Protein chains: 2
Amino acid sequence: MNQDERNRLAEEVLSNPRNQREEVQALQDTIYVIGGKWKLPIINSICNGNRRFREIERSIPGITTRMLSRELKDMEANKLVKRTVTPTSPVTVEYSPTDYCYSFADIILHMIKWGKDHRERLKER
Amino acid sequence: MNQDERNRLAEEVLSNPRNQREEVQALQDTIYVIGGKWKLPIINSICNGNRRFREIERSIPGITTRMLSRELKDMEANKLVKRTVTPTSPVTVEYSPTDYCYSFADIILHMIKWGKDHRERLKER
DNA sequence: GTTACCAGTATCATAGAGTATACCAGCAAT
DNA sequence: ATTGCTGGTATACTCTATGATACTGGTAAC
């Protein structure tokens, strides 16, 4: 992201000093939806093409079956993912991203970038 | 953020499918640093020009003195903010953002934008 | 018939994130 | 002398997000 682009976004997003309250609100709303340790990694995994439960599970080191199950339910309720069951035998379950889910792409990309830069910075010492 | 810009960022950040692990790592590192309910609102507040303890506190509805105190200590230890004491009487304490702190600007801007868009979406129903 | 994969659920335990409330010393203004 | 500001601490409590472990019912492969 270059400075021009950042300025444009800042101008679009940040209104005037008076609306700081509104901005904090917006920030906290977002944190509420994608907060916690696993939601963003899950969104990222599904947006990266993982669809099946175990596939998603394996793609996220450290997550437990229980947490994945809970988060996916939560995210399905919030229309972040779509759960499709195909009645093969045994049943095939697929999770797919919604448009809503993709609306976090920018945030996730920036967070991945930050994390990578962070590692680099640590290495340099 | 337009599609071109997004593609450029995606290309820069997302390597190839083989490095999904690394991406999850990067994402989780970032979540670890700015996770929780208050860190991002605090960073945002300080980057917006708030400097004094009570000033920051008042700018973030709902936060308690204790949480702000804890988080600021944590963030100072992690070089996210700088604490300056001026020996006036009584002493004046100022918190100021470091460059490191500003490196979250993009993420915060996008999260504020997401939160605002989210509210709009809810209104429309 | 044993092992392994799928998509989960059930149960129990726990650290630590977050809340509530009160309090402190130093100073200024009324 | 009382109220209110500053920059916090202290104590006690709740609660929920997360972790660990085990289990299930169906299927297929060896």
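These numbers were taken from a predicted model, which means no experiment stands behind them. Chain letters run A, B, ... following the sequence lines, proteins first and then strands; every chain starts at 1. Keep in mind that the numbers below use all heavy atoms, side chains included, and drop hydrogens, waters and symmetry copies.
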- Task: Rounded to the nearest angstrom, tell me the gap between atom CD in E55(A) and atom P in dG8(C).
- Result: 13 Å
- Query: Around atom CG of D99(A), are there more than 12 heavy atoms of other residues, nucleotides or ligands at under 6.0 Å?
  - Reply: no
- Message: Within the 4.5 Å heavy-atom criterion, are I34(A) and T30(A) side-chain neighbours or not?
- Response: yes
- Test: K123(A) and E120(A) ion pair at under 4.0 Å: yes
- Task: Just call it for R66(A): base, sugar-phosphate, or nothing, with non-hydrogen atoms closer than 4.0 Å on any strand.
- Result: base
- Query: Can the ring centroids of W114(A) and H118(A) be said to lie less than 6.0 angstrom from one another?
  - Reply: yes
- Least distance between heavy atoms, K37(B) atom then Q28(A) atom: O-NE2, 4.5 Å
- Measure the distance from CE on M67(A) to P on dA10(C) and round it to the nearest whole Å. 16 Å
- Message: Distance check needed: dG18(C) C1' versus L40(B) CG, whole Å only.
- Response: 16 Å
- Message: Can you tell me if R58(B) touches the phosphate of dT6(D), counting only side-chain N or O atoms and a distance under 4.0 Å to OP1 or OP2?
- Response: yes
- Query: For DNA chain D, which residues in residues 69-86 of chain B have a heavy atom at a distance below 4.0 Å?
  - Reply: S69(B), K73(B), R83(B)
- Answer yes or no: does atom OH of Y102(A) have more than 12 heavy-atom neighbours from other residues, nucleotides or ligands under 6.0 Å? yes
- Item | Among dG8(D), dT27(D), dT9(C), the nucleotide that comes nearest once only the side chain of V93(B) is considered | dG8(D)
- Message: Distance check needed: dT18(D) P versus E57(A) CD, whole Å only.
- Response: 16 Å
- Query: To the nearest angstrom, how far is R51(A) atom CZ from dC6(C) atom C1'?
  - Reply: 18 Å
- Item | Selection from dG8(D), dG19(D), dT19(C) that lies nearest to any side-chain heavy atom of W38(A) | dG19(D)
- Message: Can you identify which nucleotide, out of dG8(D), dT27(D), dT9(C), has its nearest atom closest to the P90(A) side chain?
- Response: dT27(D)
- side-chain contact (heavy atoms from CB on, under 4.5 Å) between T92(A) and R52(A), worked out: CA-CA 8 Å; T92(A) 308; R52(A) 311 290 298 276; 3.5 Å; yes
- Tell me: OH of Y32(B) to P of dA15(C), nearest whole Å? 16 Å
